[in-house]
Amino acid sequence: MILEMKVPSPGESITEVEIAEWLVQDGDYVEKDQAIAEVDSDKATLELPAEQSGIITLKAEEGDAVAVGAVVCLIDTSAAKPEGGAASEEKKEEAPKAEPKKEVVETPVKESYATGTASPAAKKILNEKGIEPSAIKGTGKDGRITKEDAVKAVPSMGTPTGGNRGESRSKLSMLRRKVAERLVAAKNETAMLTTFNEVDMSPIFELRKEYKEAFKEKHGVGLGFMSFFTLAVVRALKMYPAVNSMIDGKEMISYDFCDISIAVSGPKGLMVPVIRNAENLTFRGVESEVKRLAIRAREGEITVDEMTGGTFTITNGGVFGSMLSTPIINPPQSAILGMHNIVERPVVKNGAIVVAPIMYVALSYDHRIIDGKESVGFLVAVKEALENPQEILMDGNVKKALEM
């Protein structure tokens with residue numbers, strides 16, 4: 001029996017996928033549920049499992065864009081599994097014998113008093129450039145150095161110096177092309193502005209130092225920075241609901257829930273899974289969800305549904321060493337918060353200069369629906385919560401907030 005394998009629908013809005021890589025070869029015997037291909041959609045890379053066991057016949061090439069529901073391979077389910085996997089030996093063609101190389105005999109230049117002597121014009125050029133005539137092989141009569149020899153011997157600006165100058169080309173995946181389209185659209189279709197602030201991370205450092213070991217021992221996850229930032233963002237979104245809104249034609253849609261997208265670097269590029277209803281999560285809940293989504297993204301197991309939606313995005317360029325950036329809005333959202341690396345910097349506290357761990361934060365926002373007052377107020381609210389987490393995010397009870 002011949003089984004036609006068709007492209008399943010990865011998500012409601014996806015109409016086609018691209019064959020990123022075949023994991024088997026034409027004519028291979030495959031087992032049921034064995035991953036036979038990786039397919040790219042405009043939102044994620046997914047594995048395609050074999051529906052039955054049998055001999056496979058491929059019907060699409062790597063790089064082909066195929067519609068959802070199209071046949072991509074055939075599986076002969078009546079074929080028996082080969083024993084031992086030994087393939088018949090093919091007759092090897094004898095390699096053609098290499099023809100002996102013909103030696104090129106150069107006619108030696110007749111040496112005389114003129115050999116290696118520069119003409120007046122050539123000598124002037126060589127003197128100006130600091131090149132000794134002995135370093136030049138003359139092509140003139142009897143080996144005389146001509147003006148042309150001197151000109152060629154002087155490298156001009158930008159002339160290659162013999163280093164590697166290779167290049168390679170590779171086709172962008174459908175996911176990468178879609179990300180590119182969305183980023184360009186965000187720049188062209190929104191009135192994007194960015195406002196900046198700085199956060200003294202000392203209070204969070206002190207809390208983590210005191211409680212991170214007990215937190216990890218009890219909950220199985222680390223007490224990182226993402227839980228503090230996520231809960232600070234949730235609080236600020238409630239204070240400034242315009243930041244938790246989107247434009248739909250001539251209407252503005254505001255949400256009474258906070259679905260926080262987190263940018264994660266995966267093997268196929270940037271992915272943005274969503275923490276649903278973050279307003280209902282504790283520190284433990286946020287950290288557990290961040291860990292779960294990050295692992296699924298990096299292992300290529302993330303689904304389209306887990307990356308769909310989101311009302312606000314947090315991206316952390318600090319893990320790669322970024323000091324400051326202007327993050328691009330993740331459409332159709334209206335704002336994104338950028339975290340950066342933490343560096344000890346001199347700051348003034350109570351009239352004295354002290355050293356403190358400082359993080360620069362950036363909020364990019366769509367000025368069409370978010371005014372400057374709201375954007376600045378939002379970022380200040382985030383800063384206030386991060387610099388006083390014990391009172392603002394934990395209601396003065398650290399152990400209860402961390403469920404110790």
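Sequential numbering from 1 along the given sequence is applied to the chain's residues.
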Do [X] and [Y] pair up side chain to side chain, a donor and an acceptor below 3.5 Å, judged on atom types alone?
{"X": "Asn244", "Y": "Thr311", "value": "yes"}
{"X": "Ser325", "Y": "His340", "value": "yes"}
{"X": "Glu403", "Y": "Thr282", "value": "yes"}
{"X": "Ser227", "Y": "Glu287", "value": "yes"}
{"X": "Thr303", "Y": "Asp305", "value": "no"}
{"X": "Asn277", "Y": "Glu279", "value": "yes"}

If you count the non-hydrogen atoms of other residues, nucleotides and ligands that lie under 6.0 Å from [atom1] in [X], is the total more than 12?
{"X": "Glu128", "atom1": "CD", "result": "yes"}
{"X": "Lys123", "atom1": "NZ", "result": "no"}
{"X": "Glu391", "atom1": "CD", "result": "yes"}

Between [Y] and [X], is there a salt bridge with N-O shorter than 4.0 Å?
{"X": "Asp200", "Y": "Lys383", "answer": "no"}
{"X": "Glu31", "Y": "Lys81", "answer": "yes"}
{"X": "Asp371", "Y": "Lys373", "answer": "no"}

Let me confirm one number: the [atom1]-[atom2] distance from [X] to [Y], rounded to the nearest 0.5 Å.
{"X": "Tyr360", "Y": "Arg345", "atom1": "OH", "atom2": "CZ", "result": "4.0 Å"}
{"X": "Leu74", "Y": "Glu4", "atom1": "CG", "atom2": "CD", "result": "6.0 Å"}
{"X": "Lys291", "Y": "His219", "atom1": "NZ", "atom2": "NE2", "result": "13.0 Å"}
{"X": "Ile369", "Y": "Ser334", "atom1": "CD1", "atom2": "OG", "result": "3.0 Å"}
{"X": "Met252", "Y": "Arg368", "atom1": "CE", "atom2": "CZ", "result": "12.0 Å"}
{"X": "Thr57", "Y": "Asp28", "atom1": "OG1", "atom2": "CG", "result": "10.5 Å"}

For the student: nearest non-hydrogen atoms of [X] and [Y], plus distance:
{"X": "Ala278", "Y": "Thr230", "value": "CB-CG2, 4.1 Å"}
{"X": "Val30", "Y": "Gln34", "value": "CA-OE1, 3.4 Å"}
{"X": "Thr195", "Y": "Ser375", "value": "CG2-O, 4.1 Å"}
{"X": "Ala35", "Y": "Glu47", "value": "CB-OE1, 3.6 Å"}
{"X": "Ala242", "Y": "Ile370", "value": "O-CG1, 3.7 Å"}
{"X": "Ala79", "Y": "Tyr29", "value": "O-CE1, 3.7 Å"}

I want to check something: taking the side chain as every heavy atom from C-beta on, are [X] and [Y] in contact at a cut-off of under 4.5 Å?
{"X": "Ile302", "Y": "Met271", "value": "yes"}
{"X": "Ile19", "Y": "Val39", "value": "yes"}
{"X": "Met5", "Y": "Val71", "value": "no"}
{"X": "Lys187", "Y": "Ile328", "value": "yes"}
{"X": "Phe196", "Y": "Leu363", "value": "no"}
{"X": "Val264", "Y": "Pro273", "value": "yes"}
{"X": "Tyr365", "Y": "Val243", "value": "no"}
{"X": "Ile314", "Y": "Met339", "value": "yes"}

So, does [X] use its side chain to make a donor-acceptor pair with the main chain of [Y] at under 3.5 Å?
{"X": "Thr190", "Y": "Asp366", "result": "no"}
{"X": "Glu62", "Y": "Trp22", "result": "yes"}
{"X": "Arg144", "Y": "Gly138", "result": "no"}
{"X": "Asp26", "Y": "Leu58", "result": "yes"}
{"X": "Ser322", "Y": "Gly318", "result": "no"}
{"X": "Asn127", "Y": "Lys124", "result": "no"}
{"X": "Arg296", "Y": "Glu301", "result": "yes"}
{"X": "Gln333", "Y": "Gly310", "result": "yes"}
{"X": "Ser261", "Y": "Val274", "result": "no"}
{"X": "Thr194", "Y": "Thr326", "result": "no"}

Test salt bridge (charged side-chain N to carboxylate O under 4.0 Å, His left out) on Glu306 and Arg292 and set out the steps. CA-CA 11 Å; Glu306 287 173 309; Arg292 183 187 74 84; 3.0 Å; yes

Phe228 and side-chain contact (heavy atoms from CB on, under 4.5 Å): which partner among Val286, Leu223, Val382?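 The side-chain contact (heavy atoms from CB on, under 4.5 Å) with Phe228 is passed solely by Leu223 among Val286, Leu223, Val382.
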
Between Phe312 and Phe378, is the ring centroid distance below 6.0 Å?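 Yes.
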
Show your working on side-chain contact (heavy atoms from CB on, under 4.5 Å) between Ile342 and Phe205 and close with a plain yes or no. CA-CA 11 Å; Ile342 302 169; Phe205 270 43; 3.9 Å; yes

Arg208 NZ/CZ over Phe225 ring centroid, <6.0 Å and within 45° of normal: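 Satisfied, under 6.0 Å and within 45°.
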
Among all residues two or more places apart in sequence or in another chain, which pass the salt bridge (Lys or Arg N to Asp or Glu O under 4.0 Å) test with Lys238?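 Scan of Lys238 (salt bridge (Lys or Arg N to Asp or Glu O under 4.0 Å), adjacent residues dropped) gives none.
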
When you look at Ile275 and Leu281, which way does the side-chain contact (heavy atoms from CB on, under 4.5 Å) test go after all the steps? CA-CA 9 Å; Ile275 301 174; Leu281 297 180; 3.5 Å; yes

Output, in order, the C-alpha distance, side-chain angles, deciding distance and verdict of side-chain contact (heavy atoms from CB on, under 4.5 Å) for Leu207 and Met394. CA-CA 11 Å; Leu207 284 170; Met394 299 175 168; 4.0 Å; yes

Are Val199 and Val361 close enough, and set up right, to give a side-chain contact (heavy atoms from CB on, under 4.5 Å), and what steps lead you there? CA-CA 7 Å; Val199 177; Val361 289; 4.0 Å; yes

